[in-house]
Protein chains: 2
Amino acid sequence: MTLSAIAKRRQAQLEALIDAAEARIIAEGVASLKARDLASDIGVALGGLYNIVADMDMLLLKVAQRTMERLDAALEAGAASVVADTPRAAITQLVAIAHAYYDFSRNNLRLWRALFEMRLKNPDLPEWNRQAQLGLFRHMNAPLARLRPEADEVARTLTARTLFAAVHGVVVIGLEERLIAVPAAAMKQQIEWLVRAACEGFVSPA
Amino acid sequence: MTLSAIAKRRQAQLEALIDAAEARIIAEGVASLKARDLASDIGVALGGLYNIVADMDMLLLKVAQRTMERLDAALEAGAASVVADTPRAAITQLVAIAHAYYDFSRNNLRLWRALFEMRLKNPDLPEWNRQAQLGLFRHMNAPLARLRPEADEVARTLTARTLFAAVHGVVVIGLEERLIAVPAAAMKQQIEWLVRAACEGFVSPA
DNA sequence: AAAATAATTTGAACGTCGTTCATTTTTAAT
DNA sequence: ATTAAAAATGAACGACGTTCAAATTATTTT
């Protein structure tokens with residue numbers, strides 16, 4: 001067996017493990033993810049998990065990474081669904097991105113929740129995970145740049161972050177089924193109102 | 001010993017327990033709250049905790065309740081710091097409420113985080129806790145009513161919720177020290193921009 | 001005041017969890 | 001075939017929340 005074949009096998013094991021973890025999170029939520037279950041899922045002894053992954057936290061981070069990659073793609077697709085050639089269209093594009101975020105969260109509820117429900121023993125995230133999170137904010141940057149081309153780059157990045165965070169908050173509370181479930185259509189309206197209102201206050205003075 | 005004296009003692013034990021839990025959350029975060037530590041904190045045997053409180057989840061809910069009461073008071077104070085006699089002043093009042101939320105979160109970081117980091121075994125909250133959460137949204141209702149007196153009550157409640165949620169999202173991401181810490185002054189500016197922009201899109205047509 | 005009864009407190013023990021590590025099994029090299 | 005290295009195993013560990021039979025303390029009855 002060649003060296004790279006060994007690496008391939010490890011990689012396959014890792015992917016099977018992440019698959020199993022994802023499936024269990026989707027089925028029962030991140031809280032009921034157990035090392036013993038996962039080990040039996042992928043046909044490995046309990047201790048064998050730790051040959052594949054340093055610990056449970058690392059596994060959760062890998063799952064989170066996958067989820068964020070899919071989320072990133074969903075936001076990209078949302079943005080691509082609108083041609084933002086005018087300021088008005090740029091705002092519509094921002095709405096599309098926000099709606100894409102809501103749709104993704106709704107359709108991947110437990111995986112999406114797992115992003116925030118991770119309670120890691122080591123509080124500081126690996127750099128690749130941090131970058132993936134920060135990368136999500138960037139989707140709103142280009143449309144905002146079209147709204148105010150002359151604005152400072154740093155300020156715009158902060159604005160993108162704030163706008164994204166605001167949408168995030170609305171989605172979080174809206175999907176918090178412990179409180180009152182708001183219908184999807186109403187949620188989308190609220191999100192659209194919020195994004196449009198925020199952006200009206202951001203367009204360059206005519 | 002009279003009947004009520006017994007009840008008093010229980011009440012005192014409960015309060016001591018909540019105090020101890022709060023202190024530990026403030027010192028080390030909710031994740032490192034241990035039954036054994038708390039028992040020794042209040043001078044009771046391990047099993048004795050369960051004479052005071054049904055389980056750890058119930059204790060967390062009691063702590064959350066206290067925190068929400070204090071938060072509620074802080075929002076009330078924020079609102080009271082502005083006399084909202086005109087539409088313009090109503091917007092300023094909304095900004096004050098949002099700033100009060102941010103300030104409270106920043107000044108009570110771990111207790112505030114504990115509100116969301118609770119992972120309860122039983123997912124549905126007791127009614128008193130649910131009401132306390134929903135009650136937080138209501139602070140934005142009166143100012144919004146002044147902005148659009150003719151608007152539908154239900155729609156306004158939903159708007160208040162959305163606006164609060166948006167501010168919440170900005171605060172959550174802003175205080176997420178795992179990413180990039182934004183200075184408090186910049187945060188306040190962002191929050192003010194967001195609230196004002198959202199409200200401009202909500203005033204009655206003149 | 002003593003005995004009987006009820007209420008409360010106790011801490012050892014249980015079940016579950018993530019993680020470790022000595023042992024065994026499998027694989028690769030000689 | 002022999003040996004050495006690598007990988008997989010699962011019993012055992014420590015930490016955790018929770019339970020419960022036993023001990024202790026308080027109350028009532030005689």
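Just so it is clear: chains get the letters A, B, ... in the order the sequence lines come, proteins before strands, and each one is counted from 1.
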J.: When you check the gap from the basic side-chain N to the acidic O, do Arg138(A) and Glu76(A) get nearer than 4.0 Å?
T.: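 A salt bridge is present here (some side-chain N lies under 4.0 Å from a carboxylate O).
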J.: Do we get Lys62(B) above Trp128(B)'s six-membered ring, with its NZ or CZ under 6.0 Å from the centre and within 45° of the axis?
T.: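 Flagged: Lys62(B) positioned over aromatic ring of Trp128(B).
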J.: Can you check each nucleotide of nucleotides 12-17 of chain D against protein heavy atoms at under 4.0 Å and return B for base, S for sugar-phosphate only, - for none, in 5' to 3' order?
T.: B---BB
J.: Indicate yes or no: does Glu69(A) engage Arg66(A) in a salt bridge with an N to O separation below 4.0 Å.
T.: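 Salt bridge between Glu69(A) and Arg66(A), a charged N being under 4.0 Å from a carboxylate O: no.
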J.: Could you tell me whether Asp85(A) and Arg146(A) have a side-chain N and a carboxylate O separated by less than 4.0 Å?
T.: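 Arg146(A) and Asp85(A): not salt-bridged.
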J.: Does any N or O in the side chain of Asp57(A) come within less than 3.5 Å of the main-chain N or O of Leu120(A), such that one atom is a donor and the other an acceptor?
T.: no
J.: Show me, range against range, the stems involving DNA chain D, built from at least 3 consecutive Watson-Crick or G-U pairs below 3.5 Å.
T.: C:1-30 with D:1-30
J.: Does anything in residues 18-29 of chain B come within less than 4.0 Å of DNA chain D? Heavy atoms only, and list the residues if so.
T.: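 Close to the strand, none.
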J.: Could you state the CG-P distance from Asn51(B) to dT10(C), rounded to the nearest angstrom?
T.: 9 Å
J.: Using atom types as modelled and distance alone, determine if a side-chain donor or acceptor of Gln93(A) lies under 3.5 Å from a backbone N or O of Ala84(A).
T.: no
J.: Got a list of side-chain donor-acceptor pairs under 3.5 Å for residues 168-176 of chain B, not counting sequence neighbours?
T.:
unit_1	atom_1	unit_2	atom_2	d
His168(B)	ND1	Tyr101(B)	OH	2.8
Glu176(B)	OE2	Arg178(B)	NE	3.0
Glu176(B)	OE2	Arg178(B)	NH2	3.3

J.: Whole-Å distance between dC20(D) P and Leu49(B) CG?
T.: 17 Å
J.: Any ion pair linking Glu127(A) and Arg130(A) (charged N to carboxylate O, less than 4.0 Å)?
T.: yes
J.: Rounded to the nearest angstrom, tell me the gap between atom CD1 in Ile42(B) and atom P in dT9(C).
T.: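 For the pair Ile42(B) CD1 and dT9(C) P, the rounded distance is 10 Å.
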J.: Just jot down the side-chain hydrogen bond (donor to acceptor under 3.5 Å, both in side chains) partners of Gln190(B), sequence neighbours excluded, or say none.
T.: Thr162(A)
J.: Taking only side-chain nitrogens and oxygens of Arg10(B), does any of them come within less than 4.0 Å of OP1 or OP2 of dT9(C)?
T.: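 For dT9(C), OP1/OP2 do have a side-chain N/O of Arg10(B) under 4.0 Å.
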J.: Separation of Gln13(A) atom CD from dA6(D) atom C1', in whole Å?
T.: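 One finds 13 Å between C1' of dA6(D) and CD of Gln13(A), rounded.
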J.: Between the main-chain N or O of Gly78(A) and the side-chain N or O of His99(A), is there a donor-acceptor pair closer than 3.5 Å?
T.: no
J.: Extract all donor-acceptor atom pairs below 3.5 Å that involve side chains of residues 29-40 of chain B and protein atoms in other chains or at least two apart in sequence.
T.:
unit_1	atom_1	unit_2	atom_2	d
Ser32(B)	OG	Glu28(B)	O	3.1
Ser32(B)	OG	Gly29(B)	O	3.3
Ser40(B)	OG	Asp37(B)	O	3.2

J.: Rounding to an integer number of Å, can you tell me how far Asp37(A) CG sits from dT16(C) C1'?
T.: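 Answer to the nearest Å: 11 Å.
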J.: In terms of side-chain heavy atoms of Ala45(A), which of dA8(D), dT9(C), dT9(D) is nearest?
T.: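 Closest of the options to the side chain of Ala45(A): dT9(D).
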J.: Whole angstrom is fine here: how far is it from CG in Leu38(B) over to P in dT18(D)?
T.: 11 Å
